[in-house]
Amino acid sequence: MNIISINGSRRKKGNTGLLIQSILKPLEQSGAEVKSIFLGDYTIGACTGCEGCKNSWECVIKDDFQSLIEMMDEADGVVLASPTYWYTVTSDMKRFIDRCYGLIQFPKNRSAWIGKYDGMGKVCVTAAVCEQKDEAHMGNTLTLLTDFAKDIGLSVVDSVKALNCFEAGSIEKEKAALTDAESAGQRFLQQLKYFV
Ligand SMILES: Cc1cc2nc3c(=O)[nH]c(=O)nc-3n(C[C@H](O)[C@H](O)[C@H](O)COP(=O)(O)O)c2cc1C
C-alpha cells in the first residue's frame, strides 16, 4: 500500500504534522509505504487561470507540482491536512489545490465534471487544526479539503479536526483529537485493504 500525506502547515514540527502522524500510525504499523510531503519544501507557483489544463489533466506550469501529482497518481491513499489560517487553509495548501484544476475535466455534452481519480478506489482522510475552541473559527478549512478531495475523485473515509491548538506541539494535550485521528487511520486502513 502506497500512502502520501500532504501537509500544508508552515511549521515542520507543528500541530498539523502531529495530527497526520496519528492518522498514519495504524498504516505504518501495518507496513504501508508512506511518503510524507511538507508543501513548504516544494516550489509551487500560483495558478494563473490560463486554462492550459483544459482537456489534458496536466498543468502547463513546470515546477515541483508535477512530482506531487506523480506521487498522487501512484498512491492508494492520500492524507490531506492543513492548519487554519484566517478561517481557511494556508496559502501553501491553497496554491497546491488551485494548481490541481487539471485534475477535473469538463467533457463536452456533460453537465458535470469528471475527476482524474473517479472510480479508482483511492482513499482519503482530510484533517484540519485551529487555535480557537469554537469550531466556527476553523472556517472552511476542513470542508474545503474534503470537497476538493471528492471533486478530484478521492473517496473520503473520514475528516478529523483538532481545535484549541496554538503553540507548536500543543496538540499533544488534545488527547481526544489524537485518538479520533488514530481511529480515522484505522478506518482508512480497512478501506485500503478492501480496495488494494
Ligand atoms: C496567519 C495565521 C492565521 C490564523 N488564523 C486562524 C483562524 O482563523 N482560526 C483559528 O482558530 N486559528 C488560526 N490560526 C492558528 C493556527 O491555526 C494554529 O496555531 C495551528 O495550530 C497551526 O498549525 P501548525 O502547528 O501545524 O502550524 C492562525 C495562525 C496564523 C499564523
Side-chain angles (χ1 to χ4, degrees), residues 3-29 32 34-47 63-65 67-69 71-72 75 77-100 123-152 154 156-189:
I3 312 297
I4 179 174
S5 68
I6 302 181
N7 182 353
S9 176
R10 293 300 303 167
R11 301 193 288 198
K12 271 197 179 159
K13 295 187 176 166
N15 299 314
T16 311
L18 290 168
L19 190 61
I20 291 172
Q21 271 179 30
S22 292
I23 296 167
L24 292 176
K25 203 169 155 190
L27 295 139
E28 283 171 336
Q29 283 169 347
V34 178
K35 289 193 178 86
S36 297
I37 303 302
F38 186 77
L39 284 178
D41 287 338
Y42 291 76
T43 301
I44 302 173
C47 171
D63 55 19
D64 293 343
F65 175 75
S67 64
L68 295 180
I69 295 306
M71 286 186 254
M72 293 251 291
V78 181
V79 178
L80 268 180
S82 178
T84 301
Y85 275 17
W86 290 110
Y87 307 98
T88 190
V89 295
T90 59
S91 54
D92 282 9
M93 180 57 83
K94 188 60 167 59
R95 273 202 319 283
F96 170 71
I97 289 174
D98 286 350
R99 288 285 299 283
C100 288
V123 180
C124 177
V125 169
T126 55
V129 175
C130 80
E131 166 191 352
Q132 301 296 326
K133 287 184 185 163
D134 179 352
E135 198 179 328
H137 294 274
M138 184 171 267
N140 74 349
T141 312
L142 198 53
T143 52
L144 192 161
L145 292 171
T146 303
D147 288 344
F148 160 72
K150 288 178 182 168
D151 285 353
I152 63 171
L154 301 176
V156 179
V157 291
D158 227 322
S159 296
V160 181
K161 53 181 168 283
L163 312 174
N164 198 27
C165 303
F166 182 49
E167 291 91 6
S170 59
I171 196 170
E172 301 279 18
K173 69 181 182 340
E174 300 302 321
K175 302 288 180 211
L178 295 177
T179 304
D180 278 356
E182 210 174 313
S183 304
Q186 271 152 4
R187 285 189 287 277
F188 191 35
L189 179 60

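All heavy atoms count here, side chains included; hydrogens, waters and symmetry mates do not. For ligands, and for the atoms within them, numbers begin at 1 and follow the listed sequence.
The nearest pair of heavy atoms linking Leu80 to Met93 is CD2-CE, 4.1 Å. Here the shortest heavy-atom pairing between Val156 and Ser159 reads CG1-OG, 4.1 Å.
Using a 30° and 60° split on the angle between ring planes, Phe148 and Phe96 fall in the perpendicular class, above 60°.
Using a 4.5 Å heavy-atom cutoff, the side chains of Leu24 and Ser36 are in contact.
For Asp41 and Lys12, the salt-bridge test passes: some basic side-chain N is under 4.0 Å from an acidic carboxylate O.
Enclosure of atom NZ in Lys173 by more than 12 non-hydrogen atoms of other residues, nucleotides or ligands within 6.0 angstrom is indicated.
Enumerated by chain and number, the residues approaching ligand 1 to less than 4.0 Å through a heavy atom are Ser9, Arg11, Gly14, Asn15, Thr16, Pro83, Thr84, Tyr85, Trp86, Tyr87, Val129, Cys130, Glu131, Gln132, His137, Cys165, Phe166.
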